[in-house]
Amino acid sequence: LKFSSSSLFGHEHHRRLLDREMLLRHGNRWLVLAAAVLVEQVGGFMYMFGLLSETIKDVFHLDQSSLDIVGSSGTVGSQVGIHVGFIYDAFGPKFTLGLGGLLSSGGFLLLWLAMHFAWKVTTAPLAAITFMYGQGQMTIDVAVIPTLAANFPNHRGTAVGMGKAFVGLSGSLAAAFYNGFVYPDIVSFILLLVVWIIAACVIGVLFVERCAGVQGLASPLANDVVRRQFMIGFAIVYAMCALLLAIALWEHLVDLSNGLRSVLAMCVFAANAVLVSFLGTRREQSAQAEPGSSWEQTGRPPSVECAQAEMRQYTLTEAACTVEFWLLFLGSIAAAGGGLLLINNIAQVNLALGENDKAVCALLMAAFALFPSSTSLYFLVAVVGAGYGSINAINPVLAAEVFGVAHLGSIYTAFSLAFAFSSYGFATFLFGGVYDAESHGACVIDDVCRPGSYSACLSGTQTSCCLGPACMSLSFGVSAAAALLSVCLYLLVAYRTRDRYIASTALTTPCISLLSCDTR
């Protein structure tokens, strides 16, 4: 049916059709975001290696340096993935997610088999296993993050930040599940991780995709609506973080019953369900087009693409020839070192402090280097978590803003190599070397590190450990100095790219003004 443009009824009907078309073209990206949140909750399981490390060390009779090699291999596997970036650019998110689920679940399944059947596995095969599941974790992340960056061009940092938030939270969510339903059976917990990964990746393959027609709504009204929806979503995320932190502290202070642990875990996953339901049911608000405007005439909204069309879209090779690329790369190595050092060695840090609790997950390196105690470890947990999480979230956004989104998969994974160098340099060679050098025959007795003079340690058959501040003060002091260096490098990048952001803002303004101007 055709309606006259001069007819009021025809004009209103045409407008409704345009609005409906916009909802169909843009609304499903919220469903993609909801699925991405579920997928990213299994995309950071390598970060909970500290929860598994003491059991792995005991089952396979590893010293600290060998354990660090095993842990760092998983971290390196989660960062070395330029090939995966090319796979994403060529085949898209669904194929990439399927590959990631296969590698990740396969790696954890092999680890479960080795532990359950008590295979005599040395350091090298264990490192290969952790590298395999690390590759899977990285592949899952690569399938999600560039997709979110493409689907939310006007809110790229917010969307990517939400996805990356759950990479960081995945370890805490898994720990809450372990403490609530599986504790203290680590081996069975690893098998449940396999099932969890498979289920999440199946959901991802079904729903995670680049949404056709998403060019970026430039309407201030539409942007405000999306911004409010993200604010509500992040409020739920912050509530989950507060709940997880409260549970961890409560477990440290009080010996909770199994029933209460289960109730608390169910509260966490109930909040998670609320968030996913909220995101999955959002619908895009398309702004009303002025009669006769270019939006109404063409059926397409003004887009931030008119600004991005003027921006150069770098290939990986072209990006690697710029100063900005290497400043960001070196800054990532320096900034991530302390976080990765702690992620792989948190259990050993606790033992060195005379603790046997695994609830602690992060700390501020500089202050801890000066005041190494369990008290400072707890008070500074949120700061280092926010800092390391920010580095993880900002890298893909910076890659998209500075080098464009056309080849974001390969450029994003190239930046991830920085974390691999950081993991081996800080978590393995620095921490492992200092820890073993300062152990002086100390050993673990009843989950507590005892000095080398302890009678049971003299036999040399117990699991080795290190006791006292000297075990990690030097490592965290070096990490703090590297973090300060990274601040200078990032500031230099900000200075060198300031003109580019000013030009981008100037180009975007005319696109927005079209929504409120009659162009007849």
CZ on F278 to CD on Q229, rounded to 0.5 Å
6.0 Å
With a cut-off of 6.0 Å (strictly less than), are more than 12 heavy atoms of other residues, nucleotides or ligands near CZ of F421?
no
Using modelled atom types only, decide if a donor and an acceptor are shared between the side chain of N151 and the backbone of C211 within a distance under 3.5 Å.
yes
So which atom in G161 and which in F234 form the shortest heavy-atom distance, rounded to 0.1 Å?
C-CZ, 4.1 Å
OG1-CG distance between T428 and L67, expressed to the nearest 0.5 angstrom
9.5 Å
Only one of L52, L51, L192 passes side-chain contact (heavy atoms from CB on, under 4.5 Å) with Y178; say which it is.
L51
Rounded at 0.5 Å granularity, tell me how far CG in L99 sits from SG in C201.
10.0 Å
Minimal heavy-atom distance between M132 and L110, with the atoms involved, is SD-CD1, 3.9 Å
Report the relative orientation of the aromatic rings in F91 and F95; use parallel for angles under 30°, tilted for 30 to 60°, perpendicular for over 60°.
tilted
Does the side chain of L169 reach to within under 4.5 Å of the side chain of V237, using non-hydrogen atoms?
yes
On a heavy-atom basis, which atom in F86 and which in S410 lie closest, and how many Å separate them?
CE2-CB, 3.9 Å
Spell out, as yes or no, whether a donor-acceptor pair under 3.5 Å connects the side chain of S72 to the backbone of D68.
yes
Is it true that S73 and Y424 share a donor-acceptor pair across their side chains at a distance under 3.5 Å?
yes
State, with a plain yes or no, whether a side-chain heavy atom of Y314 is found less than 4.5 Å away from one of V402.
no
Closest contact, heavy atoms only, D141 versus P146
O-CD, 4.2 Å
Are side-chain heavy atoms of L193 and W112 found at a separation under 4.5 Å?
no
State the CD1-CG distance between I197 and L109, to the nearest 0.5 angstrom.
10.0 Å
Should the pair W196 and F177 be assigned to parallel (<30°), tilted (30 to 60°) or perpendicular (>60°) ring geometry?
tilted
Nearest 0.5 Å, what's the CD1-CD1 distance between I333 and I391?
12.5 Å
Close side-chain approach of M162 and H155, heavy atoms under 4.5 Å
no
Does the side chain of E401 reach to within under 4.5 Å of the side chain of T497, using non-hydrogen atoms?
no
For a quick check under 3.5 Å, do S332 and Y490 share a side-chain donor-acceptor pair by atom type?
yes
Taking all non-hydrogen atoms of both residues into account, name the closest pair between G337 and S479 and its distance.
C-OG, 4.5 Å
Taking all non-hydrogen atoms of both residues, which atom of S486 and which atom of A483 are closest, and how far apart?
OG-O, 2.5 Å
In this structure, CD1 of I247 is separated from CG of L264 (nearest 0.5 Å) by 4.5 Å
Validation row, ring centre F230 to ring centre F152 under 6.0 Å:
yes
Beyond-backbone contact of F189 with Y183, side-chain heavy atoms, under 4.5 angstrom:
no
Suppose we call two aromatic rings close when their centres sit under 6.0 Å apart. Are F325 and F415 close by that rule?
yes
Tell me, do L148 and E40 make a side-chain contact under 4.5 Å, heavy atoms counted?
no
Is H116 close to I190 at the side-chain level, that is, under 4.5 Å between some pair of heavy atoms?
no
